[in-house]
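Working notes, structure below.
Any value given below was found using the heavy atoms of this structure, including those in side chains, with hydrogens, waters and symmetry copies removed. None of these values were measured; they are calculated from a predicted model. The sequence lines fix the lettering, A, B, ..., with proteins before strands; numbering per chain opens at 1.
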Protein chains: 2
Amino acid sequence: MSKPPTENMARSTKQRTAILELLESDDAFRSAQDLHAILRESGSKIGLTTVYRTLQAFADAGMVDVMRLPGGDHLYRLCGAEEHHHHLVCRSCGKTVEVAGPTVERWAGKVAAEHGFTDVGHTLELHGLCASCSK
Amino acid sequence: MSKPPTENMARSTKQRTAILELLESDDAFRSAQDLHAILRESGSKIGLTTVYRTLQAFADAGMVDVMRLPGGDHLYRLCGAEEHHHHLVCRSCGKTVEVAGPTVERWAGKVAAEHGFTDVGHTLELHGLCASCSK
DNA sequence: CCTAGAGATGACAATCATTGTCAACACCTA
DNA sequence: TAGGTGTTGACAATGATTGTCATCTCTAGG
């Protein structure tokens with residue numbers, strides 16, 4: 001993928017700026033609803049629809065990582081890396097570590113080939129308790 | 001886990017039998033809604049609520065595998081293996097192959113340890129085009 | 001065989017994140 | 001500064017899943 005980061009965002013608005021700043025100040029995954037609530041508490045009049053659309057645009061542009069909760073909710077997090085990677089998330093505090101998984105990529109390709117599958121992609125997530133929350 | 005397959009199912013009813021038979025006759029993942037629709041077409045008067053509850057019970061009992069679609073929907077499939085495993089699913093026809101991933105398990109444990117995480121679990125899914133659908 | 005009661009069912013309402021709609025608005029360039 | 005175009009936001013709609021509760025049906029005991 002080589003999309004320019006702004007492909008889906010022709011303009012710069014205060015709403016987008018606000019969302020971006022909020023994401024920059026937090027390194028855990030947040031839901032659209034959470035972000036919207038936080039912005040409203042901060043005095044912003046931003047609409048929920050806008051938060052959803054903006055986050056999707058960010059995601060399409062590769063500016064944020066998207067993750068799905070068991071319940072099906074979407075969580076977003078700022079992400080600079082262009083590279084393919086996975087996440088190790090603390091299920092207690094939400095702290096997230098980005099992890100490269102060349103081993104897994106190779107394994108996935110091999111297994112897929114063995115079964116005659118082509119054009120194979122994968123989703124992988126690790127969740128546990130971080131060092132602090134383990135105590 | 002060593003739950004008996006019937007832990008959450010004290011009784012045997014025609015509804016459960018019907019769902020089980022339907023699952024046995026199909027080796028692809030199906031949604032609760034799909035199964036319900038099929039059963040209704042077959043003349044059954046089964047309720048949607050019952051299909052959901054039964055599938056959940058089956059899942060709790062470890063009799064079926066559960067998978068989540070990008071949209072957040074739940075898909076179910078009969079599964080005999082007690083062992084932990086992953087799925088290689090054809091995104092065209094739904095054909096599914098169960099895959100053991102000792103390599104991945106080991107990798108996950110190592111990565112988690114490196115970052116001080118404990119009690120780590122993971123979710124992994126492979127999706128591509130099967131041999132037939134690749135043509 | 002009959003009966004009681006715990007477990008199971010199903011119609012319906014409720015939930016809730018997400019998406020669609022569309023008129024009003026704000027950004028940016030000329 | 002003006003205008004057109006991308007954006008916004010209030011609101012309705014969607015759709016899968018879950019909650020509720022009166023009714024039903026297994027199944028064991030008599």
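Regarding contacts with the backbone of C/dA8, every side-chain N or O of B/T54 stays at 4.0 angstrom or more from both OP1 and OP2. OP1 or OP2 of D/dT17 sits under 4.0 Å from a side-chain N or O of B/Y52. In this model, the phosphate group of D/dT17 is not approached by any side-chain N or O of B/T49 to a distance below 4.0 Å at OP1 or OP2. Residue B/R16 places at least one side-chain N or O under 4.0 Å from the OP1 or OP2 atom of C/dT9. Contact between the side-chain N/O atoms of A/R11 and the OP1/OP2 oxygens of D/dT5 is not found at any separation under 4.0 Å. Between A/H74 and the phosphate of C/dT18, there is a side-chain N or O to OP1/OP2 separation shorter than 4.0 Å.
In this entry the distance linking NZ of A/K14 with P of C/dA26 reads 7 Å, nearest Å. Residue B/Y76 contributes atom OH, which lies 13 Å from atom P of D/dA16 at whole-angstrom precision. Whole-Å rounding puts the A/R40 CZ to D/dT8 P distance at 14 Å. B/L48 places its CG atom 14 Å from the P atom of D/dG15, with the value rounded to the nearest Å.
Two residues are said to be in side-chain contact when any heavy atoms from C-beta on lie closer than 4.5 Å; A/D34 and A/L75 fail this criterion.
Backbone-only engagement by B/Q15 is indicated by non-hydrogen atom pairs under 4.0 Å involving sugar-phosphate atoms exclusively.
The side chain of B/S12 sits closest to D/dT27 out of D/dT17, D/dT27, D/dT8. Closest to the side chain of B/Q56, out of D/dA10, D/dT18, D/dT8, is D/dT18.
A residue-by-residue look at A/R53 and B/Q33 shows that A/R53 has its nearest nucleotide of DNA chain D further toward the 5' end. Mapping B/T13 and B/S31 onto DNA chain D by nearest heavy atom places B/S31 at the nucleotide closer to the 5' end.
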